[in-house]
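Before any comments, here is the structure.
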Amino acid sequence: MTKLDRDFYLGDTVTVARELLGCRLVHIAEGRRSEVIITETEAYCGVTDKACHSYGGRYTNRTKTMYCKGGCAYVYFIYGMYSCFNVVTQAEGEPCAVLIRGGIPSGDRDILSQRRYGLPYSELSPYRLKHIADGPGKLCIALGIERTLNGED
């Protein structure tokens, strides 16, 4: 497994979103490695994209990370309870990002399961197995991704 280099993230946002599908997202927290295989992404293409946080050139404490160089983590809080993980794309000053919407467990599944449900992976019901990381908030819970990672490489 090879880590993607910065040049990968400097490319076109839609292309990066497509090429991230099937890649592993790895996070080491609390001394434990957890990972998922990315199954769903969503591209946000900057100041002209009405769905993008930076639409119209919006620059706030929340969005300033989007203006960093490609490869930085953009992690924000929604609904007063969930974190969402994005990776910034394109050159510095071009506020684009790819939201990682979902993934399937890979590697040590127990850590994902413990974070998400407080149970070992082997004890999960079929419903829980299917939904362990199938949404952006669920994915962040399972991987232990928090807003403290906002702006990290």
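Quick caveat, the model's predicted, so the values are computed rather than measured. We use all heavy atoms of the structure for the numbers below, so side chains are in, but hydrogens, waters and symmetry mates are not. When a residue number appears, it is its place in the shown sequence, counting from 1.
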Task: Val88 versus Thr65, closest heavy-atom pair with distance - done: CG2-O, 3.5 Å

TODO: Could you pull out the closest heavy-atom pair between Tyr67 and Ser54, with the gap in Å?
DONE: OH-CB, 3.9 Å

Task: Approximate separation, where rounding is to 0.5 Å, of Cys72 SG and Asn86 CG - done: 12.0 Å

Task: Asn150 side, atom CG; Cys68 side, atom SG - distance, nearest 0.5 Å - done: 8.0 Å

Taking side chain as C-beta onward, heavy atoms only, is [X] less than 4.5 Å from [Y]?
X: Lys64; Y: Tyr74; answer: no
X: Ile132; Y: Arg109; answer: no
X: Thr41; Y: Ile100; answer: yes
X: Glu19; Y: Leu4; answer: no

Task: Lys138 with Asp134: basic N within carboxylate O range, under 4.0 Å - done: yes

TODO: Could you walk me through whether Val16 and Phe8 pass side chain to side chain contact (heavy atoms under 4.5 Å, CB included), step by step?
DONE: CA-CA 7 Å; Val16 171; Phe8 173 84; 3.7 Å; yes

Open item on the list: Looking only at side-chain N and O atoms, does Glu35 offer a donor or acceptor that is under 3.5 Å from a partner on Ser106?
Closed with: yes

- [ ] Give me the ring orientation class for Tyr79 and Tyr82: parallel if the planes are under 30° apart, tilted from 30 to 60°, perpendicular past 60°.
- [x] perpendicular

Open item on the list: Are Tyr76 and His53 an aromatic pair, judged by ring center distance below 6.0 Å?
Closed with: yes

